[in-house]
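Below: one structure, written as structure tokens.
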Amino acid sequence: MSSTMESIIRFTEKLTDPSSVKKEEFKSTDIQKSYDINWRSSIGEGVSGKVYQCKSKKTGEQFALKIILDNRSSKKEISLQQRCSESPNVVRIVDVYRGYGIHPSAKLGAKYLYVVLEMMNGGELFDLITKYANLPEDIASMYIRKIALAIKDVHNLGLIHRDIKPENILLKSPIMDISQDPDLKLADFGFACEESSNPAKPDYTPYYAPPEIICKDKRWNHSMTDADRQSYDSKCDIWSLGVVVYILLCGYPPFYPEVNYAEMTNYMYACITHAKYKFHSQKWCHISANAKDFIKCCLQVDPTSRPTIEQILEHPWISETKYFQS
Ligand code: 3AM
């Protein structure tokens, strides 16, 4: 073990691409020696567990603490998010601790990863949609430009996020004035992967998932053989971005089940795989042709016809926004 105060466990893990071996550093000391953690109330709860507020004992700075089970997929999530650490548009991982459970819902004998994240006090973009129902177009385009910049950073590193949705876009501070340039960042790399890893596993959130991903899901596509299951690439994030734009502008998703299920249905599967959606006149009659064109470009069944993230940033709906700042 090292002679530093906090000993570091070094280990190597092969990511899905066997040629890429990534070194990670997780601290094995008690996180509570360096951080005061408020166990009384969690600031949020995701599929993988609760998120708590914590404070550095050294600097007094506030952070968010995400606790996930110590397994291969959690390590992969951390490793991929850490690779984006240079990006100002991705939630930064500050520290990772590894050890037995010390949090209220910890299971006896289970090992956890305690991920200290930069604190995003403004909540999720999802909350903003709930509050405003739909955003004015120029404001929506300013938000989408920021999200596109985050996706660009991820794609430039050879990664795919695979779960672009308003719940995974966090705001640094509460929004006081909706027309101000938002400080938003991309979070949750639980479904992320390396583009070169030829991803085959269909992890997805139904409302935002593109045809090429849901096609791989055996539950919905019984006829497809493994040989037919073509791989997918960074264009899956472009589809999801199109879904987010649609929702920001009208307040509801382009693809939804015929009944009020949270899960995918046969009907929804058919709509997504045929890009069957509508610009209902009541909501969409005042929305610009540029915005509709942007959505149409993103929501194309053939991923090769969708624009790259660089082309997205050059689309007039984004580049000509009145709030555009270089
Ligand atoms: O449970 P809700 O939806 O309120 O906003 C995230 C979500 O909250 C929050 O934790 C929940 C599960 O992801 N969260 C995640 N990362 C965060 C961060 N860095 C965060 N809250 C603040 N800062």
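In this chain, numbering begins with 1 at the start of the sequence shown. Read the numbers this way: they start at 1 and go in the same order the structure lists the ligands and their atoms. Only heavy atoms go into these numbers, but all of them, side chains included; no hydrogens, no water, no symmetry mates.
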Problem set entry | Check: M120 N/O within less than 3.5 Å of ligand 1 N/O |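 Between M120 and ligand 1 (N or O atoms, distance only) the closest approach is under 3.5 Å.
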To check your reading of the model: name the closest protein heavy atom to [atom], its residue, and the distance in Å.
atom: atom 10 (O) of ligand 1; value: V51 CG2, 3.3 Å
atom: atom 11 (C) of ligand 1; value: E45 N, 3.5 Å
atom: atom 18 (C) of ligand 1; value: A64 CB, 3.5 Å

What atoms in ligand 1 come closer than 4.0 Å to a heavy atom of [X]?
X: E124; answer: 2 (P), 3 (O), 5 (O), 6 (C), 7 (C), 8 (O)
X: G46; answer: 12 (C)
X: L170; answer: 5 (O), 15 (C), 16 (N), 17 (C), 18 (C), 20 (C)

For this session: Pick one of side chain, backbone, both or neither for how D188 approaches ligand 1, counting any non-hydrogen atom pair under 4.0 Å.
Result: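 The answer is neither.
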For this session: Among D36, D30, T29, find the one that has a side chain to side chain contact (heavy atoms under 4.5 Å, CB included) with Q32.
Result: D30
Exercise. Would E118 count as a contact of ligand 1 if the rule is a heavy atom under 4.0 Å away?
Worked result: yes
Problem set entry | Lys NZ or Arg CZ of K111 over Y100 ring: under 6.0 Å, within 45° | yes
Without placing hydrogens or testing angles, list every side-chain donor-acceptor pair under 3.5 Å for residues 101-109, not counting sequence neighbours.
from	atom 1	to	atom 2	distance (Å)
H103	ND1	Y114	OH	2.8

For this session: Assert yes or no for the condition that the ring centre distance of F191 to F189 is strictly below 6.0 Å.
Result: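 Ring centres of F189 and F191 not closer than 6.0 Å.
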Exercise. Looking at CD1 of I160 and CD1 of I151, how far apart are the two atoms once the value is rounded to the nearest 0.5 Å?
Worked result: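 If I round to the nearest 0.5 Å, the distance is 12.0 Å.
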For this session: Would you indicate whether F126, at its atom CZ, is surrounded by more than 12 heavy atoms from other residues, nucleotides or ligands within a distance under 6.0 Å?
Result: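 Open.
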For this session: Can you sort out the partners of Y132 under ring-ring contact (aromatic ring centres under 6.0 Å, His included), two or more places apart, ordered by chain and number?
Result: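 Checked Y132 against ring-ring contact (aromatic ring centres under 6.0 Å, His included); zero matches.
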